[in-house]
Amino acid sequence: MPTPPETAKPRVLVTGAGGFIGHHLVNYLKDKGYWVRGVDIKEPEFAPTRADEFLLLDLRRWENCLDATAPVEGEPIKHVYALAADMGGMGFISKYHAEILHNNILINTHTMEAAHQNGAERYLYTSSACVYPEYLQTEAEVTALKEDDAYPAQPQDAYGWEKLITEQLAYHYRKQYGLETRTVRFHNVYGELGTWEGGREKAPAAMCRKTAYAKLLGGKEGSPGGPPQIDIWGDGEQTRSFMHVDDCVEGVYRLMMSDCADPLNLGRDRMVTINQLADIAANAAGIEIEHVHVDGPMGVRGRNSDNTKLRDVLDWEPTIALEEGIARTYAWIEEQLRAKLAAEGTAVNDNVAEPASA
Ligand code: NAD
């Protein structure tokens, strides 16, 4: 049978295409042969986009959302992957509540309505494990969270409340307008080409960066020299599960194509402590490292993903082992740091081993 022409595939939009997961998703969709429009307020930071069209737009503004979802040469954008968000790791989302709630409500309500008005058929909203109530996450050894646990609602931060509100919006757009909405709840996504410094980075990238500093300069980040050390916020016994970005984009695509209209967890279900995560990063760097516990936001005490429904509806689940994913991420972050230090003219320890996967 002849292969259908490329145009047989619907045109798709990825918002947040200048960000971490959005950039990887554009690559994934291009590999599958889609025509992709990417939208963001910034270009991807670490590698050029492969999107067929990339629009720099502030999606808090209604007119920009109409432009972002507008037809291409008369053909509507049929699938919208909505990833744009004002977000970051614990250090960011535990601090800027008003800004996060304000900006994300505007981005999401405007993007969904504009997609609907412009004739989109499917719309995937990227929610978060941060929707789950604080009262179910008070112990490090927590029971994994299943989708129905989100209510009665009591998310920890404004970020989680906004995600819940937009989940509701997606539900009602499907019920009232027939827009085929899909809602994914990510559990801690990490990987190469993600923010690794500056305050918005998440725990895996922060651990890799701090480890790389300790390896290349000795001591710890900000205080070089001596045996390698790493600062860890709190006692480091808080637990999480972590998913590599390659698994993430695969799951996102499978969910978009599925019939599952209810919110779905997407994460790994292997829980580790932040101390263990630090050791995995040190192992990837090929060094031993001393943990220094300092004050800092820790988020909920424990969190894990219950993947029962994920396995059931997608007949698939993430597979990349944390050790393998962190080895890849560490190697990339060490490379970034080496380039930064070289540009500053800072000499590094050259008698250290290369990272595990390099
Ligand atoms: P990211 O910060 O790398 O990407 C988000 C992108 O949105 C950024 O490039 C940013 O510039 C863009 N953006 C912000 N404000 C905008 C605006 N006004 N107009 C247009 N673009 C704007 O984050 P990510 O990790 O790639 O996350 C993607 C989605 O997944 C987000 O919705 C996030 O809340 C969700 N999520 C991510 C994780 C994770 O672990 N990374 C976990 C749970 C949920």
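Order of listing sets the numbers, starting from 1, for every ligand and every atom in it. Keep in mind that this is a model prediction, so the values were computed, not measured. What's counted below: heavy atoms across the whole structure, side chains too, no hydrogens, waters or symmetry copies.
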Going by the atom numbers of ligand 1, which of them fall below 4.0 Å from some non-hydrogen atom of [X]?
{"X": "Gly16", "answer": "6 (C), 7 (O)"}
{"X": "Leu57", "answer": "19 (N), 20 (C)"}
{"X": "Gly18", "answer": "9 (O)"}
{"X": "Lys42", "answer": "9 (O), 11 (O)"}
{"X": "Arg60", "answer": "18 (N)"}
{"X": "Leu83", "answer": "5 (C), 28 (C), 29 (C), 31 (C), 32 (O)"}
{"X": "Asp58", "answer": "17 (C), 18 (N), 19 (N)"}

Exercise for the section: Walk me through it: do Arg200 and Asp86 pass the test salt bridge (charged side-chain N to carboxylate O under 4.0 Å, His left out)? Expected result: CA-CA 10 Å; Arg200 285 185 185 243; Asp86 194 0; 2.8 Å; yes

Polar contact flag, side-chain donor to acceptor under 3.5 angstrom, [X]-[Y]:
{"X": "Thr166", "Y": "Glu162", "result": "yes"}
{"X": "Asp306", "Y": "Thr308", "result": "yes"}
{"X": "His187", "Y": "Asn304", "result": "no"}
{"X": "Glu167", "Y": "Tyr125", "result": "no"}

Ion pair [X]/[Y], N-O distance below 4.0 Å:
{"X": "Asp235", "Y": "Arg301", "value": "yes"}
{"X": "Arg254", "Y": "Asp315", "value": "no"}
{"X": "Arg268", "Y": "Asp247", "value": "no"}
{"X": "Asp149", "Y": "Lys146", "value": "yes"}
{"X": "Glu75", "Y": "Arg11", "value": "yes"}

Of the backbone atoms (N, CA, C, O) and the side-chain heavy atoms from C-beta on, which set of [X] has a member under 4.0 Å from an atom of ligand 1: side chain, backbone, both, or neither?
{"X": "Lys202", "result": "side chain"}
{"X": "Tyr190", "result": "neither"}
{"X": "Asn188", "result": "backbone"}
{"X": "His187", "result": "neither"}

Practice task
Would you please indicate if the ring centroids of Tyr123 and Tyr173 are separated by under 6.0 Å?
Solution key: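 When the ring centroids of Tyr123 and Tyr173 are compared, they turn out to be at least 6.0 Å apart.
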
Heavy atom of [X], distance to ligand 1 below 4.0 Å:
{"X": "Lys163", "result": "yes"}
{"X": "Ile107", "result": "yes"}
{"X": "Asn104", "result": "no"}

Short N or O distance, [X] and ligand 1, threshold 3.5 Å exclusive:
{"X": "Ala84", "result": "no"}
{"X": "Ile21", "result": "yes"}
{"X": "Gly19", "result": "yes"}
{"X": "Thr195", "result": "no"}
{"X": "Ser127", "result": "no"}
{"X": "Val189", "result": "yes"}
{"X": "Ser128", "result": "no"}
{"X": "Ala82", "result": "no"}
{"X": "Asp86", "result": "no"}

Does any non-hydrogen side-chain atom of [Y] lie less than 4.5 Å from one of [X]?
{"X": "Met256", "Y": "Val12", "result": "no"}
{"X": "Phe54", "Y": "Pro44", "result": "yes"}
{"X": "Ile326", "Y": "Leu277", "result": "yes"}

Exercise for the section: Give me the ring orientation class for Tyr96 and Phe92: parallel if the planes are under 30° apart, tilted from 30 to 60°, perpendicular past 60°. Expected result: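 The rings of Tyr96 and Phe92 sit tilted, inter-plane angle from 30° to 60°.
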
Practice task
Assign the ring pair His79 / Tyr34 to parallel, tilted or perpendicular, where the plane angle (0 to 90°) is split at 30° and 60°.
Solution key: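 Ring orientation, 0 to 90° scale: tilted.
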
Handout entry: Residue of the set Lys210, Lys340, Arg209 for which salt bridge (charged side-chain N to carboxylate O under 4.0 Å, His left out) holds with Glu197
Key =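 Filter result, single survivor: Lys340.
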
Winner among [options] once heavy atoms are compared against [atom]:
{"atom": "atom 30 (O) of ligand 1", "options": "Tyr125, Phe186, Phe242", "answer": "Phe186"}
{"atom": "atom 8 (C) of ligand 1", "options": "Asp40, Ile93, Thr126, Val39", "answer": "Asp40"}
{"atom": "atom 14 (C) of ligand 1", "options": "Pro204, Ala203, Ala85", "answer": "Ala85"}
{"atom": "atom 2 (O) of ligand 1", "options": "His110, Met87, Arg240", "answer": "Met87"}

Considering heavy atoms of the protein only, find what lies nearest to [atom] and give residue, atom and distance to 0.1 Å.
{"atom": "atom 1 (P) of ligand 1", "result": "Phe20 N, 4.0 Å"}
{"atom": "atom 19 (N) of ligand 1", "result": "Leu59 N, 2.8 Å"}
{"atom": "atom 22 (C) of ligand 1", "result": "Ile41 CG1, 3.5 Å"}
{"atom": "atom 34 (O) of ligand 1", "result": "Tyr159 OH, 2.6 Å"}

